[in-house]
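Note sheet for the following structure.
Values below: all heavy atoms of this structure, side chains included; hydrogens, waters and symmetry mates excluded.
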Amino acid sequence: MKRILVTAAGLLISLSIHAGYLDSTEARAFADRMVSEHGFDRAEVNALLAAAEKKQSIIDAMQRPAEKVKPWKDYRKIFITEKRIDEGVDFWRNNREALKQASEQFQVAPEVIVAIIGVETFYGRIKGSFRVIDALATLSFDYPPRSAFFTRQLEEFLLLAREQRHDPLTLTGSYAGAMGYGQFIPSSYRSFAVDFDGDGFADIWDNSTDAIGSVANYFAKHGWAMGEPVVSRAKTSNDFDRQLLNQMKLEKTVAELSALGFTPLESVPMGGKGMPVQLEADEGMQYWLGLNNFYVITRYNHSNMYAMAVHQLSQLILERVGADNL
């Protein structure tokens with residue numbers, strides 16, 4: 001991706017065209033902070049806020065994410081498809097060396113790296129068409145339920161654009177402001193993106209090698225344990241405490257959960273921690289025991305269904321790639 005140095009003079013044109021968020025009290029406070037805490041030029045920040053546009057479609061999308069409105073039986077069908085599996089195999093083969101290096105350096109399973117990129121952007125084909133500045137400004141100043149979080153992301157985004165000499169008005173991503181192959185939000189980009197090909201620039205927008213290394217680094221920093229199981233099918237006793245289901249917390253060991261009536265059907269470390277998961281499948285309710293690596297996947301997206309989709313896609317891709325092609 002070409003890097004562009006943005007000047008206040010070049011942005012001031014937008015002030016005469018569009019008021020954007022300049023009339024917002026919250027936006028003005030944000031501009032004050034960018035100037036006082038990060039040394040931004042006030043005219044430049046004002047011009048960016050003037051150019052940012054509220055998008056009702058972004059607010060609508062935030063209110064109906066698939067993880068919250070679809071049961072597992074429907075959510076799974078979005079991601080576990082023949083096309084996504086086959087293209088995952090192709091992505092693996094086209095990026096074999098980068099995946100091998102990333103897996104060895106960061107100690108993260110290559111199939112999970114591939115599956116994350118497959119679920120997030122269909123291996124880089126669907127990275128999002130919203131301007132990031134519009135997405136983050138809309139959610140910062142017109143979506144009170146998550147305003148604090150997205151205001152921080154807007155701050156991180158402007159810092160990222162300055163650091164990498166990008167024009168903030170040209171960068172695109174998801175409706176939530178996530179960017180690139182792996183759909184990193186700005187804070188994750190600044191914290192976990194790596195220059196994996198050594199060209200001096202961590203580019204997860206257009207560089208699959210950097211994206212692979214960055215996803216691997218993210219998982220390593222969040223505690224992925226190489227070679228350890230991810231999840232196990234489980235059976236429940238009649239008196240199992242249903243309040244333990246789908247809490248997305250690693251608080252009890254597998255042995256403790258078994259004593260409470262939630263028993264893994266596969267051989268897993270009894271001393272490791274787990275979390276009971278219930279999913280609505282076509283044939284009825286399924287019960288699973290998510291282990292540490294399953295929990296790590298939920299750090300990427302805080303959803304049990306998301307983690308299960310990534311895991312199942314990863315296993316199907318791995319099966320098709322075959323040991324001879326690793």
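- Using modelled atom types, one side-chain atom of Thr170 and one backbone atom of Asp167 make a donor-acceptor pair closer than 3.5 Å.
- In this structure, the side chains of Met34 and Leu158 come closer than 4.5 Å at one or more pairs of heavy atoms.
- Side-chain atoms of Asp210 come within 3.5 Å of backbone N or O of Asp203 as a donor-acceptor pair.
- Between Thr81 and Lys77 the shortest side-chain heavy-atom distance does not fall below 4.5 Å.
- Residues Ser191 and Phe184 fail the side-chain proximity criterion, which asks for heavy atoms closer than 4.5 Å.
- No side-chain heavy atom of Trp288 sits under 4.5 Å from any side-chain heavy atom of Ser232.
- No continuous path of hydrophobic side-chain contacts links Leu289 to Trp224 [ILVMFWY only; heavy atoms under 4.5 Å].
- A pairwise comparison of heavy atoms in Arg233 and Glu266 identifies N-OE2, 3.4 Å as the closest pair.
- Although no hydrogens or angles enter the test, the distance criterion places no donor-acceptor pair under 3.5 Å between the side chain of Asn301 and the main chain of Tyr306.
- Geometrically, Arg84 engages Phe122 in a cation-pi contact, judged by NZ or CZ lying under 6.0 Å from the ring centre and within 45° of the ring axis.
- Both the sub-6.0 Å distance and the 45° axial angle are not jointly satisfied by Arg93 relative to the ring of Phe91.
- The aromatic rings of Tyr175 and Phe130 lie perpendicular to each other, with more than 60° between the two planes, well past the 30° mark.
- Distance alone, capped at 3.5 Å, is enough to place a donor-acceptor pair between the Glu256 side chain and the Thr253 backbone.
- Between Phe30 and Phe141, the ring-plane angle classifies as perpendicular under the 30° and 60° cut-offs.
- Hydrophobic clustering of Ile, Leu, Val, Met, Phe, Trp and Tyr side chains at less than 4.5 Å, counting indirect connections, unites Phe219 with Met308.
- Around the CD atom of Gln107, the shell of radius 6.0 Å holds more than 12 heavy atoms that belong to other residues, nucleotides or ligands.
- Here the side chain of Asn217 pairs no donor or acceptor atom with the backbone of Phe106 at under 3.5 angstrom.
- Here Arg42 does not pair with Glu44 in a salt bridge; the nearest charged N to carboxylate O distance is not below 4.0 Å.
- With a 6.0 Å cutoff to the six-membered ring centre and a 45° limit on the axis angle, Arg146 does not count as a cation-pi contact of Tyr143.
- Between Tyr218 and Phe192, the ring planes are perpendicular. Angles over 60° get that label, and only those under 30° would be called parallel.
- Comment: Glu82 engages Arg320 in a salt bridge, judged by a side-chain N to carboxylate O separation of less than 4.0 angstrom.
- No side-chain donor-acceptor contact under 3.5 Å links Asn95 to the backbone of Leu99.
- Hydrophobic cluster membership is shared by Leu159 and Phe157, with clusters built from Ile, Leu, Val, Met, Phe, Trp and Tyr side chains linked at under 4.5 angstrom.
- Between Trp205 and His166, a ring centre-to-centre spacing shorter than 6.0 Å is recorded.
- The side-chain heavy atoms of Val215 and Phe196, taken from C-beta on, include no pair separated by under 4.5 Å.
- Looking only at distances, a side-chain donor or acceptor of Arg28 sits under 3.5 Å from a matching main-chain atom of Asp23.
- Using a distance-only test at 3.5 Å, with no hydrogens or angles considered, a donor-acceptor pair links the side chain of Ser103 to the main chain of Val108.
- With sequence neighbours excluded, no residue forms a side-chain hydrogen bond (donor to acceptor under 3.5 Å, both in side chains) with Thr298.
- Every residue meeting the side chain to side chain contact (heavy atoms under 4.5 Å, CB included) condition with Gln278, not counting sequence neighbours, appears here in chain and number order: Arg242, Leu245, Asn246, Met285, Tyr287.
- Remark: Glu283 does not engage Lys73 in a salt bridge, criterion side-chain N to carboxylate O under 4.0 Å.
- The shortest side-chain heavy-atom distance between Ile78 and Lys70 falls under the 4.5 Å cut-off.
- Among pairs with a residue in residues 126-141, those fulfilling salt bridge (Lys or Arg N to Asp or Glu O under 4.0 Å) read Lys127-Asp206, Arg131-Asp134, at least two apart in sequence or across chains.
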